[in-house]
Amino acid sequence: MKLLVIGSGGREHALVWKLAQSPHAEKIFCAPGNAGIQQERTEKTEQPVECVNIGAENLPGLLAFAQEQKVDFTVVGPDNPLALGIVDLFQKHGLKIWGVNQQAAQFESSKVFSQKFMEKYGIPTAAAGTFSEAGKAKAFCASLGGKCVVKADGLALGKGVLICTNQAEAEKAVDEIMVSKAFGEAGASVVIQEFLEGIEVSLHALCDGKTAKIFPTSQDHKRALDGDLGLNTGGMGTYSPTPFLNDAQLADVAAKVLEPFMHGCVAEGIDYRGLLYPGVMLTKNGPKILEFNARFGDPETQVYLTRLENDLVELLDASVSGTLDKIELKWRPEASVCVVMASGGYPGNYAKGKAINGLEAANALPGVKVFHAGTAFKDGQIVTNGGRVLGVTALGKDLRAAQAAAYAAVECIQFEGAQFRRDIAVKAF
Ligand code: AMP
């Protein structure tokens with residue numbers, strides 16, 4: 001099979017790495033990819049993975065490439081091409097592609113859509129209101145005592161969520177999003193949720209339109225600095241499993257969330273085939289959904305795919321063809337920890353083009369896989385090329401062993417300005 005993976009981050013490197021292990025994968029292309037992806041080979045045919053310089057949002061370019069190369073199966077990593085309708089476009093041209101269609105992508109591209117859906121189908125979520133008028137939005141914030149979370153409706157690069165502790169902050173947040181339009185049209189309407197306290201975990205479920213198969217739990221670390229301080233980022237590290245839900249509790253959450261979700265999709269005529277990634281707060285009143293994402297998490301994918309035993313080509317194929325009920329997900333018993341190494345200054349301004357050393361030594365450590373995110377080749381040397389640069393991932397017999405292995409690998413790697421958190425997985429201990 002010829003495969004095409006769309007995207008260029010750590011998530012896509014993990015997808016390519018895992019797909020390359022499948023006996024079905026004869027050739028893999030990645031658009032646009034990165035330096036680490038370019039170093040992978042398919043296990044069966046030992047074909048190098050080929051990166052092609054087509055952006056993930058260039059839908060006509062991707063379609064033409066897939067047709068030209070007679071790609072058998074395309075796998076989409078990021079949310080933007082899904083929200084733009086890449087799945088619908090490829091399917092219209094008779095091409096097989098994995099990811100949610102444009103209608104299903106609304107769960108991520110519109111928080112108002114998601115909130116209304118959750119309320120209609122009884123999915124546990126925060127008390128909330130949706131508004132397209134600033135005055136009414138502010139009045140609702142006041143009814144929550146100002147302790148609330150104001151969310152721009154549309155995609156805002158993960159920045160459109162403002163946590164407020166009093167009414168003055170809440171009014172400022174509403175003005176920023178709805179009046180000053182800090183996130184453009186994404187802020188034409190807002191969801192305002194009560195502020196929830198608890199432990200936040202990431203869930204992932206692979207869906208095929210009828211069946212949803214839940215993954216073990218994982219936990220992301222969104223803030224830039226140790227102790228959950230500093231600015232919000234795309235994610236500075238993850239680990240799996242988490243100690244916060246045992247198997248029975250996870251099954252209970254799945255029943256409370258996935259069953260009404262899949263039922264609601266069928267009722268609304270939404271064909272949900274792809275990955276569902278709910279952000280969940282485990283509160284003293286039970287699990288509450290904060291948001292839905294409609295694709296694999298980054299860096300959750302790095303810890304999930306290092307633990308996954310199934311053939312990923314077969315899994316994604318079953319997700320497209322509606323046969324997931326015949327497959328059992330199998331996970332290695334080991335724990336996995338991913339530590340993100342970022343450019344100095346991230347998530348603010350940062351420099352690119354810094355030489356990265358020590359990658360071979362890190363990858364040679366037992367259980368370690370260094371996934372690349374923002375990297376490129378320059379004059380034969382691997383250099384930094386983004387905010388999040390590497391996802392240093394390690395398996396270990398338990399979380400402590402995995403954490404020790406991941407940090408031992410981080411110590412092998414140097415680039416100017418490198419920053420990373422030193423407390424990934426500490427919450428589990
Ligand atoms: P979202 O993009 O909606 O997941 O929000 C981004 C982050 O804001 C989440 O990962 C949470 O840490 C936080 N957050 C969102 N909604 C709430 C809420 N209702 N209560 C407390 N924290 C929240």
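Counting starts at 1 for both ligands and their atoms, in listed order. These values consider heavy atoms only, across backbone and side chains, with no hydrogens, waters or symmetry-generated copies. Not measured: the values here are computed from a predicted model.
- Each of Lys111, Val149, Lys151, Val161, Ile163, Gln193, Glu194, Phe195, Leu196, Glu200, Met281, Leu290, Glu291 has a non-hydrogen atom positioned under 4.0 Å from some atom of ligand 1.
- Take Gln102 and apply the side chain to side chain donor-acceptor pair (under 3.5 Å) test, not counting sequence neighbours, and it matches no residue.
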Less than 3.5 Å apart, which donor and acceptor atoms pair up between the side chains of residues 121-131 and the rest of the protein, not counting sequence neighbours?
from	atom 1	to	atom 2	distance (Å)
Tyr121	OH	Glu268	OE2	2.4
Thr125	OG1	Ile289	O	2.8

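- Salt-bridge check for Arg421 with Asp423: passed, with a basic side-chain N closer than 4.0 Å to an acidic carboxylate O.
- With respect to Arg295 and Glu108, a salt bridge is recorded, a charged nitrogen being found less than 4.0 Å from a carboxylate O.
- Applying the side chain to side chain donor-acceptor pair (under 3.5 Å) test to Ser110 and every residue at least two apart in sequence or in another chain returns Asp153.
- With 3.5 Å as the limit, one finds no donor-acceptor pair spanning the side chains of Asp247 and Gln249.
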